[in-house]
Amino acid sequence: MPVTEHIDLRGGRVCWLENDRDLFAAEPPPQKVDVAIIGAGVTGAMLADRLTAAGRSVAMFDRRPPALGSTAASTALVMWAADTPLTALAKTRGAPEAARCWRRVHAAVQDLAERIAGLDQPCAWAARPEVYLAGSVLEGDDLLHEADARRAAGLPSAALSADAVAERFAIPARAGLVSGDAFAVDPVALTYALLARAQRQGATVTYPADVVDLAETADGVFLTLADGRRCSARQAILATGYEAPRAYLPKAFTLGSSFAIATAPGVAPLWREEALIWEASEPYLYGRATADGRIVIGGGDEDLVDPRRRDALVASKAAFLCASSLNLLGRGDIEADCAWAATFGRSPDGLPAIGPIRGSSALWLASGFGGNGVTFASLAASMITAAITGAPDADMDCFSPYRFG
């Protein structure tokens, strides 16, 4: 039996790949390593990069070629603000604890920016302002209270009036919060660049490799693949994206489907500063520009996982997202060149599941359930690497997979 769910993670045509090319040659698994990572998407790549840099031997396993699962469907707005507003989180966890969680996520974005500066391969990493527009979740005084809470937490965010938003960004007038320290990236190119560096540092990448058993021993864990091959590791990390390891991940972390379109290259810029734009609504719409001038618009979320039902909605959701660009961006002439659907994960507080698996001394979860997949990948890589190398992160309890009971 596989360790994780088997899910067709995406349908339609994404904008990051050319014919789903795989740039990595598969390698046989080593017999023994310090750390085994299950998953070779963006989270697994960040973990491998950091752990090998810290001197650990690493073996990676994926049932697909690297980066061709959820990572290829990511729209890669790299932000520190979670889907659940800070003021809403403060109501359930208290203001000091909520601020601590958000500050740690913010630090993960800054840390990632520093690490990307040392990559040899380009990945279209670019700083962008983030614009969070008033909507059904936050508007009026509630939006101003959110700005106050962020400022009190020491986060780079400020409120702008509707007229000020329109004047600065050349989009329809709507009050909003404007934040710094946000970025855009090509998620597939980023994953490839990180994997290449990890390989140079000694990591191996084995695929297709379906891990069907994890057996803990006195010295760590044995991984067994579907073809019978085995690997021994001192530690194993489940970085399997939205193919959840349900034996270990609590039911509070749920799955749904999201949709996105991208224009042909060369359409951007359509608004100023190429800001990352999203709404304080549920569900919300968002937009960004890519390095080659595509406009990406996403949203239209549905509470369904079945890939046939999800993919059957791609055409109608693409039409919806194109039409929605009028209210979001002030442009009614958006045409989709690519349109896709993807499975994605949610959590009750908009934050990921990161930490040791309950009752285990050798198994870890790195599950980025929430709207900020690339950001949460950086957070998981930083925290788990710190723990494995003997310097535990004081904020890891913020993101415990078991925090909801």
Side-chain angles (χ1 to χ4, degrees), residues 1-6 26-41 43-63 198-199 201-241 243-251 253 352-368 377 379-403 405:
M1 169 181 268
V3 170
T4 68
E5 297 173 320
H6 272 256
E27 301 170 282
Q31 291 186 336
K32 188 173 184 178
V33 290
D34 294 324
V35 185
I37 300 172
I38 305 172
T43 303
M46 288 191 194
L47 281 158
D49 178 51
R50 290 173 188 256
L51 285 162
T52 52
R56 299 305 191 267
S57 58
V58 171
M60 304 183 71
F61 302 88
D62 203 308
R63 59 173 61 117
Q199 284 184 314
Q201 293 166 173
T204 62
V205 185
T206 302
Y207 67 90
D210 201 0
V211 178
V212 296
D213 187 59
L214 295 172
E216 288 196 68
T217 69
D219 298 323
V221 59
F222 267 115
L223 290 80
T224 302
L225 307 186
D227 60 9
R229 290 178 294 176
R230 302 184 78 189
C231 175
S232 172
R234 293 184 182 278
Q235 307 278 335
I237 305 169
L238 292 160
T240 59
E243 289 186 303
R246 280 299 169 193
Y248 309 110
L249 186 69
K251 293 181 179 180
F253 297 88
I354 299 170
I357 287 174
R358 179 177 285 163
S360 172
S361 60
L363 296 176
W364 300 82
L365 280 175
S367 297
L379 181 66
S382 174
M383 288 187 153
I384 295 176
T385 298
I388 287 176
T389 56
D393 193 303
D395 294 324
M396 182 177 277
D397 61 306
C398 286
F399 312 101
S400 167
Y402 311 104
R403 64 186 180 272

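Only heavy atoms go into these numbers, but all of them, side chains included; no hydrogens, no water, no symmetry mates.
In this structure, OG1 on T224 lies 11.5 Å from CG on D210, to the nearest 0.5 angstrom. The distance from atom CG of L51 to atom OG1 of T389, rounded to the nearest 0.5 Å, is 7.5 Å. Atom CZ in R358 sits 11.0 Å away from atom CG in L365 (nearest 0.5 Å). Separating the CH2 atom in W364 from the CD1 atom in I357 is a distance of 10.0 Å, to the nearest 0.5 Å. Between atom CE of residue M46 and atom OG1 of residue T385 there is a gap of 11.5 Å, rounded to the nearest 0.5 Å.
Between E5 and R246, the shortest heavy-atom contact is OE2-CG, 3.3 Å. Across every non-hydrogen atom of P250 and Y402, the tightest pair is CG-CD2, 3.7 Å. In terms of heavy atoms, E216 sits closest to L363 at OE2-CD1, 3.9 Å. Of all the heavy atoms in A233 and V35, the pair that sits closest is CB-C, 4.3 Å. Nearest heavy atom pair, residue D62 against residue G41, reads OD2-N, 4.1 Å. In terms of heavy atoms, T206 sits closest to P28 at OG1-C, 3.6 Å.
L238 places none of its side-chain heavy atoms less than 4.5 Å from the side chain of L249. The shortest distance between side-chain heavy atoms of Q199 and E27 falls below 4.5 Å. Side-chain contact between L223 and D213 is absent, with no heavy atoms from C-beta onward closer than 4.5 Å. Between D219 and S232, every side-chain heavy-atom pair lies at or beyond the 4.5 Å cut-off.
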Dump the intermediate steps for side-chain contact (heavy atoms from CB on, under 4.5 Å) on L225 and V212, then the final yes or no.
CA-CA 6 Å; L225 307 186; V212 296; 5.9 Å; no
Would M383 and D395 count as a side-chain contact (heavy atoms from CB on, under 4.5 Å) here? Give the steps.
CA-CA 8 Å; M383 288 187 153; D395 294 324; 3.9 Å; yes
List the steps and the verdict of side-chain hydrogen bond (donor to acceptor under 3.5 Å, both in side chains) for T4 and R63.
CA-CA 11 Å; T4 68; R63 59 173 61 117; 3.1 Å; yes
Using the rule given for side-chain contact (heavy atoms from CB on, under 4.5 Å), can you reason through Q201 versus D49, listing the C-alpha separation, both sets of side-chain angles and the distance that settles it, and then say yes or no?
CA-CA 8 Å; Q201 293 166 173; D49 178 51; 3.8 Å; yes
Begin from the C-alpha positions of V3 and T240 and carry the test side-chain contact (heavy atoms from CB on, under 4.5 Å) through to its verdict.
CA-CA 10 Å; V3 170; T240 59; over 6 Å; no
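When P29, P30, C231 are each tested for a side chain to side chain contact (heavy atoms under 4.5 Å, CB included) with T204, only one passes: P30.
The environment of CZ in R234 is sparse: at most 12 heavy-atom neighbours from other residues, nucleotides or ligands sit within 6.0 Å.
When atom types are taken as modelled, the side chain of R229 and the backbone of D227 share no donor-acceptor pair closer than 3.5 angstrom. A donor-acceptor pair is defined here as one N or O able to donate and one able to accept, closer than 3.5 Å; such a pair exists between the side chain of S57 and the backbone of D34.
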